[in-house]
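Single-structure report; data block below.
This one's a predicted model, so the numbers in the text were calculated from it and none came from an experiment. In listed order, ligands and their atoms are each counted from 1. Both backbone and side-chain heavy atoms feed into the values below; hydrogens, waters and symmetry mates do not.
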Amino acid sequence: MRPDNHYPSLKFPNNFLWGTATAAFQIEGHPEEYLGKLSDWAEWIDRQDKVLKPTNDGRAVNHYEHMIEDVSLIRGLNSNAYRFSFNWARLHRGPGVFDENTAQFYDSLLDQLLQSNTALGQRSSRIEPFATIIHFVLPNWLAKEGGWENPKTAHEFANFTKFLVKRYGNRIKHWITHNEPNIFLGFGYESGIWPPGYENDWTRYFKAYQGLLLGHQLAYKAIKEVNANAQVGFAQNLYCYESHDENLVNHKWESLDAMPNALRKQIHNYAFIESCVELDTLDFLGINYYTRFSYKLNPQAKDPANANLSASFWGELNDLSKLSSEVKDNSLGWELYAEGLYKILTEKKLSKLLEGKPIYITENGYCQMEAGQPDIDDSYRIKYIRDHLIAVHRAINKGVNVQGYFYWSLLDNFEWALGMKPRFGLIHVDHENFTRTPKASYHYYSQIAKNNGLTTAACSSKDNHDNPSCNSQT
Ligand code: FCB
């Protein structure tokens, strides 16, 4: 690891939120969900043709039994915010039926988060919960009746939200209705690699889109009825779509190859944001940013998420090997492109839509297929965090109202169709005995939160985890 001193000390605005993000199905692992097939994913996880092994039978990282330890690890990060999701399938067992034991789990989680934290001195004394109402996973009793294609799901989502806001509304100010409706639709109805598993079924895609939007609208109203001051938004996955060819970036409407990028951007990035803005149901936007995509027109194209599937409508991904040698990707092949975060944050269209409403980076993270040892070289994750925070800081200086950053993810966890192998965590988890071991990036990120930014200092010590400016891979 070679220290790199060539960047400034960066302070973030006062009250900036520093957190991590997780999702119920990816961490909790309560055996009753998998064994009782309570959710669509509890069934899907067994599909040999769709989900890579190992999956450890839905135990994920057993957060259900490690919650107290996990919250103390969150405190160790000097975090003043934490994003989690409710487990809809375990909480809501049928119309009007809610499970008290599960509800108590979230009481305890919130109590743990809100306990005052004297270690932070002058800074925030509580860990602000950001609650996601659904992070992809549907109760099976709704999935079996058509899921989001059936408006019943949106109405039950509203009932579920009413239950949540009545029970927890005094402790939660920030509500995220949906996580990434665009990713759910793309993988569920286009490539078919996630439930409900349809391939290029655009009628169902748009029916489900309408269901998700109705659900968002009804949930927004339900929350505001109980607490008019609550802040309600959703988390959208935004890709930086652009051509790698500089000439096309500058003259994009003159080239056919630019069209797939422009269309994708509109449907994937903007459509759902626009719908929520039109319906006047957006107080803030959560942005999940990971990477850039570049498409070129090819009528014979295959869907990148499902090699068997023709998706000519969208064009074909440019070959990443043609990128400059500077460019790296993570071990899922996602290009590391921090500049893309700056570009999407400062895009004119986004600022017009949001008109200054707050933005939170609700996910951003680096993944490695690790050998299973906690003391891995974590320098790429550290560099990833640093570069993306520099991009966020530049956007803030340009006037973009970013109020918080949540690293994905607190823990190595279950990564959907890719099973247990990809590791995004700041904390390594042994998948057999569930032992947690903070990685170097955990210490790095905790210092950033403590200092409310990156600090420049001499990186003389070989392994100086206490200095966020060090530990970078160049
Ligand atoms: C996002 C999801 C999250 C996780 C990360 C890697 O699209 O919201 O659950 O899988 O990707």
Side-chain angles (χ1 to χ4, degrees), residues 19-29 39-42 44-45 50-52 55 58 60-61 63 82-89 130-138 176-191 193-195 212 233-241 264 268-269 272-273 285-293 304-305 329-337 340-341 344 360-370 380-381 384-385 388 405-427 429 441:
T20 50
T22 61
F25 193 79
Q26 294 181 271
I27 60 168
E28 285 181 3
S39 63
D40 55 354
W41 268 96
W44 193 260
I45 204 171
K50 300 285 186 186
V51 180
L52 295 180
T55 63
V61 290
H63 169 69
Y82 172 61
R83 177 181 174 219
F84 69 99
S85 83
F86 287 108
N87 188 322
W88 188 5
F130 273 56
T132 309
I133 303 176
I134 180 174
H135 197 118
F136 300 140
V137 179
L138 273 171
I176 293 170
T177 57
H178 293 296
N179 179 66
E180 299 184 343
N182 53 358
I183 289 283
F184 168 78
L185 291 165
F187 287 166
Y189 295 93
E190 191 185 347
S191 65
I193 61 171
W194 286 11
L212 289 159
F234 79 102
Q236 182 75 320
N237 176 289
L238 295 185
Y239 290 128
C240 176
Y241 289 105
R264 268 282 173 193
H268 183 90
N269 285 11
F272 208 84
I273 304 176
L285 180 68
I287 292 181
N288 298 353
Y289 174 77
Y290 288 91
T291 194
R292 163 169 75 166
F293 282 122
D329 55 30
N330 71 12
S331 36
L332 299 178
W334 301 358
E335 182 193 354
L336 306 181
Y337 189 60
L341 179 54
I344 59 166
Y360 298 93
I361 308 301
T362 37
E363 286 182 31
N364 177 236
Y366 177 81
C367 160
Q368 250 165 334
M369 301 287 192
E370 287 164 4
Y380 278 103
R381 183 170 288 103
Y384 183 98
I385 294 172
H388 285 79
Y405 175 91
F406 295 78
Y407 177 80
W408 180 273
S409 183
L410 177 69
L411 305 155
D412 291 339
N413 57 42
F414 171 73
E415 181 47 40
W416 310 113
L418 302 174
M420 297 299 292
K421 276 201 176 138
R423 291 177 177 272
F424 277 91
L426 297 175
I427 299 166
V429 183
S441 53

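Between Phe130 and Ile176, the shortest heavy-atom distance links the atoms CD2-CD1, 4.3 Å. Ser441 and Arg381 make their closest contact through OG-CD, 3.3 Å (heavy atoms, listed as atom of the first residue, atom of the second, distance).
Pro195 meets the side-chain contact (heavy atoms from CB on, under 4.5 Å) test with Asp40, Trp41, Trp44; sequence neighbours excluded. Residues that satisfy the salt bridge (charged side-chain N to carboxylate O under 4.0 Å, His left out) test with Glu415, not counting sequence neighbours, are absent from this structure. Residues passing the side-chain contact (heavy atoms from CB on, under 4.5 Å) test with Ala60, sequence neighbours excluded: Phe414.
Judged by distance alone, the side chains of Thr132 and Arg83 do bring a donor and an acceptor atom under 3.5 Å apart.
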Give a table of atom pairs where an N or O of ligand 1 lies under 3.5 Å from a protein N or O.
unit_1: ligand 1; atom_1: 7 (O); unit_2: Glu180; atom_2: OE1; d: 2.5
unit_1: ligand 1; atom_1: 7 (O); unit_2: Glu180; atom_2: OE2; d: 3.0
unit_1: ligand 1; atom_1: 8 (O); unit_2: His135; atom_2: NE2; d: 3.3
unit_1: ligand 1; atom_1: 8 (O); unit_2: Asn179; atom_2: ND2; d: 2.9
unit_1: ligand 1; atom_1: 8 (O); unit_2: Glu180; atom_2: OE1; d: 3.1
unit_1: ligand 1; atom_1: 8 (O); unit_2: Glu363; atom_2: OE1; d: 3.2
unit_1: ligand 1; atom_1: 8 (O); unit_2: Glu363; atom_2: OE2; d: 2.9
unit_1: ligand 1; atom_1: 9 (O); unit_2: Gln26; atom_2: OE1; d: 2.7
unit_1: ligand 1; atom_1: 9 (O); unit_2: His135; atom_2: NE2; d: 2.8
unit_1: ligand 1; atom_1: 9 (O); unit_2: Trp416; atom_2: NE1; d: 3.1
unit_1: ligand 1; atom_1: 10 (O); unit_2: Gln26; atom_2: NE2; d: 3.4
unit_1: ligand 1; atom_1: 10 (O); unit_2: Glu415; atom_2: OE1; d: 2.7
unit_1: ligand 1; atom_1: 10 (O); unit_2: Glu415; atom_2: OE2; d: 3.0
unit_1: ligand 1; atom_1: 10 (O); unit_2: Trp416; atom_2: NE1; d: 3.0

